[in-house]
Structures are given as structure tokens and as C-alpha cells.
J.: 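Can you keep this structure in mind? I'll have questions shortly.
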Amino acid sequence: MPAHQKLYLRPSVVAQPLLHRWYAWPYLLAPHTGALNLRDRLLPILDSYLKAPHIHESVIADPHRYGAPFLDPQGASLDEVRAARELMAKNAEARLRLADDVDQLRALLREKAVGGPMEPLYPQVPDSLRGRVELVYDTAHRPGFRFFESLMYSSPAFERHGQCVSLSVTQSPQPFVYSSPVFPRADRLDIDVPFDSPLWDELFAARLSPVDVPDLAERFGIADADLPAFTALFHATPPTPHTPPPPGDVRVRYFNHATVLIETGPTSVLLDPLIGYADDGHEHFTIEDLPARIDAVVISHFHSDHFSLETLLQLRTRVGTIFVPRASGGSLPDPSLKTMLQALGFPRVQELSELETHRVADQVEVTALPFVGEHADLDIRTKVVPLVRAGGRRFLFATDITPLEPALYDNIPGLAETPLDALYIGLECVGAPLGWLYGPLLEGKLSREHNAGRRLKGSDAAQADQLAKQLNARHVYAYAMGLEPWLKHLTGSDYDPEAEPVKQAAVLSELTAERGVTAELLRDRGERTWPAVGPTEQ
């Protein structure tokens, strides 16, 4: 029998990981937070649509309301939406039970944990949580509980059977992923194989090395009727080889949002990878522009515009180590990224504590600095500000911080002694209210005033300029805001020159210019190369 021609995965192939047909964002992936989000956020959107589809259709027809919690059926009929809702409830039975059990446990502790020993309460812990939580008091004698998170991923509520990857060559407009499930469509190929399967590694490795497509299709279990669609994901054109920076240089490439690639010689560090695809009609760096080997990926915090399973899953075999912030240890609103990634099949994940430094390679290291702000004053510990030293250069990625207390960075030994070559910072100074992200996880009602006042916001221009001045940053770069239409379905953002964050970017440029420092709003294919320097040249 003649051998099959080996083919490459097309660089335009979109690969969306789904859980019960919803986009697999981090607070949905974790079994305990995902249970509450499914019950209290996602299924109610479907129920609302089924009661009044005309209201949802009216809202999604208004481009100014893109990202609102209204369902876009993407051509699915009312009966198909109803059937999808019924299937979700059936397949997610363990998660929905877990959500109810969290409520029961909270009620148990409110009633009976009044300062006495917790020991008598353990037999009353609901079944799905029995042996997976510890009952505790804080120092003010308020009762609570913490999850043994590794045990949550071995529980029925992890629901690997609900995991799927939806593949598509076409780059058709997509609904906001946190408001609408991804319904089956003729232009998509949905493969119901769990995320931790090595088959995904083989598929995505085919972006660089060709594979025997019929053989891979057979091992994936692709039905004969779907074989043409699977084969259409591949072509015979090899990828363009990655070109590293010239020897002795440090190259920094801005991909989009908070995604930055730092390369020096053969070494590369990738920050907060959320990366688009080729042939989407826009000019930007894509997965094609990454090196074949990435020594380190650094995740700054748990939010879905900084932690993208969609991107990470496609890079799993190409990454040396994924560095994540150290988690608080079982808190409901603060899941462990390390535990999650390991449960999803990522073998090399390392936590970084605040002020901890890890050496990636000769003259390349990452230090985790404290991160304050942007989490609506919740006790979230899974967040760091990465400081990357490469070739004698220093780059600080302040992402979405709100530098509320300047003394914080004054207290870090040696931080300001050497100028920063570049400060990268977000200017989302408005932000969504607390309940937009954390609502399903909260216990008890929050007043409208407090919900609106506690926001998921970053720096404004004055705060960013103060930080740049404090750390003696030679260059300041503000992350793009709405300038990435290829990410709109994930960020919900359109570019609006009148938006406050955009105005703040202009103000930041004016403030830094007074000190002879340039501030730039990043967009498109941002790139800069610095000559490496020795210690005496810094």
C-alpha cells in the first residue's frame, strides 16, 4: 500500500476548546468555579433566550451592545437551542449538583459554625464535597472552607466527557464567547476528545511537522462522513522558518493584547499568550510567528484575556516551562493555575511566589513582583507582575495593575536602582463591575453601589506615569485597546477614539514627553530590538 502524503496543519485553522459547548475560559474550567458559573451565569442566558428570543435578537443586532449577556444563536433554531440546553443540563449533572452542594455547605456553616469546633460538622458536608474541603475559621472567627483542588479535578464534576475542540478554517464573525455557546455548524468540525489527550499535541505539532492525515484521523476516531472536513484542515505548504534575532540582540515582539515575545539568541520567553491566526483579514503576528521552541511561558494572572487555553493547548509540546503565580490554597475565587494546567495535560508547570526569581537560560531570568489592583478588592493571590531580564535588558509587564500604593515598589530591594528599558502597562481605567466576572462566586447580595464601585480596572495615565517615573522606565508601552478586531469575540472591545482608556493613552504620552520619555499605544506588529549589554553598561 503506498504511503500517504504527509501534510501540515493550516496556519489559519482556528481551534476553540469547549466545555459543554461553552468556550473554555478559566473560571469555567475549574470544577468548583465552573459549577457556579454554569448554573448561575450561563444556563440562565439560555433560559432567558428560550423565554424571549426576540429580546436577544434585538440586542445582538445592536453593535454597541456587543458583549452583553444575550445569546446569539448563530443560525440555530429555537428547538436546537432548547435541545442544547437540555443536553448541557444532562451532561453537566455532576457540576450542577456541586453548585447546589456549595450553597448547602455555606448555609450549614452560617447556621452551625458559630465559633465552636468544626469536627462535628464534617459528617454533614454534602456528598460532592465530602473529603474534598477543609472547614476553617479565619482570625475573626468567621467560618469558611477551602478546597483540596487536586481532588476536585479527580471528582465527577471535572467532566472530561464535556470537553471538545471545535476546528474551523473559516474566520467567520463569532459571538461573544461568554454570552453564547458555540453551536454545531456546517463550517466547524467538533472533535470530542479531552484536552489532555496527546492526540491534540500531534495535531498542533503538524503546524511545524507534517503528519499522515488519514492515520491521525483514524486515531482521533473521525467518522468517514467527517474525513473530508478533517482533511481540509491541512495543506502541503511548509511553514516559513522562524528567524531569530541577530546574535547579541534582544528582540521584543508585541503580538496583541498583553502577549509579548522576548528573544535573545536561542532563548525565548512568551508573556500571557493569547494569539490570533493567519488569514483573518488583519495584519498582526500569529502563531506562525512563534519559534519552534519556547523556553518559558509566563502567565501574569487568572483572567481569560491573559490565560488562554486555546493558545496554550496549541503550544503544549513547544513550551519548556509554564510559570504561573502561586495560588492562595483552595480559595473559591482564586483557583490554582498550576493544578488546573496539570489536570489539562500540561506536564511542566511551576509556581512563582512574590519576589521569586527563576533563571530561564544564560542572561535570561524572570522575577515575580507583587500585583495590586484590578481584582475588585477580592483576596486574589494568583497574580504577579513579571520582570524579565534578558541580555542585560529589563522589561516590566505591569499588565492590569492599579498602582494604588507607590511605596510597594519602593520596598522591593534593588528594583529602581537600574533603569527599566521598557514598562508595559494596561490603561483599562474604567473596568467592569465586580459582579461581571465574580458574581456567581459571591456569597450573599452586593449592593448596586458597591458592585459599581469595586471594579476590574487597571491604571489611568497619571498612575502609569508615576510608576514609570518611580522605576525610571526609558520607554512606556500601553497595551492596545479595541485595536485587535481578531480578538473581539474574547475581549468584547471595539476601537473607540472617544473611549476613556484611549484618551488616557494620549494623556500618558503627554505626561511622559515632559520628561523626555516616549509612550506608545501598541498595535499591529509591534517590534523593537535592543543590543544586549553587560552589567557595566546598564
Side-chain angles (χ1 to χ4, degrees), residues 138-140 258 271-272 298-303 306 324-329 331 333-334 351-357 366-389 394-434 437-438 446 449-479 500-501 504-505 507-508 511-512 514-515 517 519:
D138 66 14
T139 55
L271 285 299
D272 287 349
V298 184
I299 307 296
S300 65
H301 59 295
F302 202 80
H303 292 167
H306 297 262
V324 299
R326 188 176 300 279
S328 59
S331 159
D334 195 18
E351 288 186 325
L352 284 175
S353 299
E354 292 166 353
L355 302 187
E356 184 177 359
T357 296
V366 178
T367 300
L369 302 186
F371 182 135
V372 173
E374 213 255 341
H375 290 73
D377 302 315
L378 290 174
D379 184 14
I380 304 294
R381 315 278 181 91
T382 310
K383 55 184 182 178
V384 295
V385 173
L387 173 66
V388 180
R389 299 176 179 89
R394 301 167 77 244
F395 308 97
L396 185 68
F397 297 90
T399 60
D400 297 330
I401 73 165
T402 312
L404 302 171
E405 177 50 78
L408 168 63
Y409 294 104
D410 289 335
N411 290 331
I412 298 175
L415 178 61
E417 291 179 2
T418 304
L420 283 178
D421 289 282
L423 167 67
Y424 292 78
I425 191 165
L427 294 178
E428 181 46 84
C429 55
V430 179
L434 165 64
L437 178 61
Y438 294 107
L446 191 68
E449 175 188 1
H450 290 161
N451 182 51
R454 293 171 58 185
R455 305 189 76 86
L456 308 173
K457 66 178 182 178
S459 300
D460 60 22
Q463 290 170 322
D465 179 58
Q466 172 60 36
L467 182 62
K469 187 188 307 180
Q470 182 180 6
L471 300 182
N472 195 11
R474 292 166 171 158
H475 302 278
V476 181
Y477 296 103
Y479 296 124
E500 187 58 31
Q504 288 292 310
V507 173
L508 178 60
L511 291 173
T512 60
E514 294 175 2
R515 299 182 284 108
V517 172

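Just so you know, these numbers come straight off a predicted model, no measurement behind them.
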J.: Identify the heavy atoms of Leu456 and Ala376 that sit nearest to each other, and give their distance.
T.: CD2-CB, 3.9 Å
J.: Under a 4.5 Å cut-off applied to non-hydrogen side-chain atoms, are Leu427 and Asp460 in contact?
T.: no
J.: Does a donor on one side chain and an acceptor on the other come within less than 3.5 Å for Gln504 and Glu500?
T.: yes
J.: Evaluate the side chain to side chain contact (heavy atoms under 4.5 Å, CB included) criterion for residues Glu374 and His303: first the C-alpha distance (whole Å), next the side-chain angles of each, then the deciding distance (0.1 Å), finally the verdict.
T.: CA-CA 10 Å; Glu374 213 255 341; His303 292 167; 3.0 Å; yes
J.: To the nearest 0.5 angstrom, please state how far the OG1 atom of Thr357 sits from the CG atom of Leu387.
T.: 7.5 Å
J.: Against Ser300, only a single residue in Asp400, Val385, Asp272 fulfils side-chain contact (heavy atoms from CB on, under 4.5 Å); can you say which?
T.: Asp272
J.: Could you give me the CA-CA distance, side-chain angles and deciding distance for His306 and Phe302, then say whether ring-ring contact (aromatic ring centres under 6.0 Å, His included) is met?
T.: CA-CA 7 Å; His306 297 262; Phe302 202 80; over 10 Å; no
J.: Determine whether Val372 and Glu405 satisfy the following criterion, side chain to side chain contact (heavy atoms under 4.5 Å, CB included), listing intermediate values before the conclusion.
T.: CA-CA 8 Å; Val372 173; Glu405 177 50 78; over 6 Å; no
J.: Check each of Leu369, Asp410, Leu420 against Leu415 using the side-chain contact (heavy atoms from CB on, under 4.5 Å) test, and report the only one that passes.
T.: Leu369
J.: Are the charged groups of Asp421 and Arg394 less than 4.0 angstrom apart, N to O?
T.: no
J.: Looking only at non-hydrogen atoms, find the nearest pair between Ile299 and Pro325 and report the distance.
T.: O-CD, 3.2 Å
J.: Indicate yes or no for a side-chain donor-acceptor contact from Arg455 to the backbone of Gly431 under 3.5 Å, with no hydrogens or angles considered.
T.: yes
J.: Working to the nearest 0.5 Å, report the span between OG1 of Thr382 and NE2 of His375.
T.: 8.0 Å
J.: Would the distance check show the side chain of Asn411 and the main-chain N or O of Ala407 forming a donor-acceptor pair, the cut-off being under 3.5 Å?
T.: yes
J.: After noting the C-alpha distance and the side-chain angles of Arg326 and Ser353, does the key distance pass the side chain to side chain contact (heavy atoms under 4.5 Å, CB included) rule?
T.: CA-CA 5 Å; Arg326 188 176 300 279; Ser353 299; 2.4 Å; yes
J.: Restricting to non-hydrogen atoms, name the atom on Asp334 and the atom on Asp379 that form the minimum distance, rounded to 0.1 Å.
T.: OD2-O, 4.1 Å
J.: Out of curiosity, Arg454 CZ to Tyr438 OH, how far, rounded to the nearest 0.5 Å?
T.: 10.5 Å
J.: Rounded to the nearest 0.5 Å, what separation is found between the CG atom of Asp377 and the NE2 atom of His450?
T.: 11.0 Å
J.: Rounded to the nearest 0.5 Å, what separation is found between the NZ atom of Lys383 and the NE2 atom of His301?
T.: 9.0 Å
J.: Quick one: does any side-chain atom of Glu428 pair with a main-chain N or O of Val430 as donor and acceptor, under 3.5 Å?
T.: yes
J.: Would you call the rings of Tyr424 and Phe397 parallel, tilted or perpendicular, taking 30° and 60° as the class edges?
T.: parallel
J.: Taking atom OG of Ser328 and atom CG of Leu378, what is their separation to the nearest 0.5 Å?
T.: 11.0 Å
J.: Excluding sequence neighbours, so at least two apart, what forms side-chain contact (heavy atoms from CB on, under 4.5 Å) with Ala368?
T.: Leu352, Val384
J.: What pairs with Thr399 under side chain to side chain donor-acceptor pair (under 3.5 Å), at least two apart in sequence or on another chain?
T.: none
J.: Applying side-chain contact (heavy atoms from CB on, under 4.5 Å) between Leu423 and each of Asn472, Leu467, Thr512, report the one that passes.
T.: Leu467
J.: Which heavy atom of Ala468 sits nearest to which heavy atom of Arg515, and what is that distance?
T.: CB-NH2, 4.0 Å
J.: Ignoring hydrogens, what is the shortest heavy-atom contact between Tyr479 and Ala258? Give both atom names and the distance.
T.: CE2-CA, 3.6 Å
J.: Looking at Ser459 and Ala464, what are the two nearest heavy atoms and their distance?
T.: CB-N, 4.2 Å
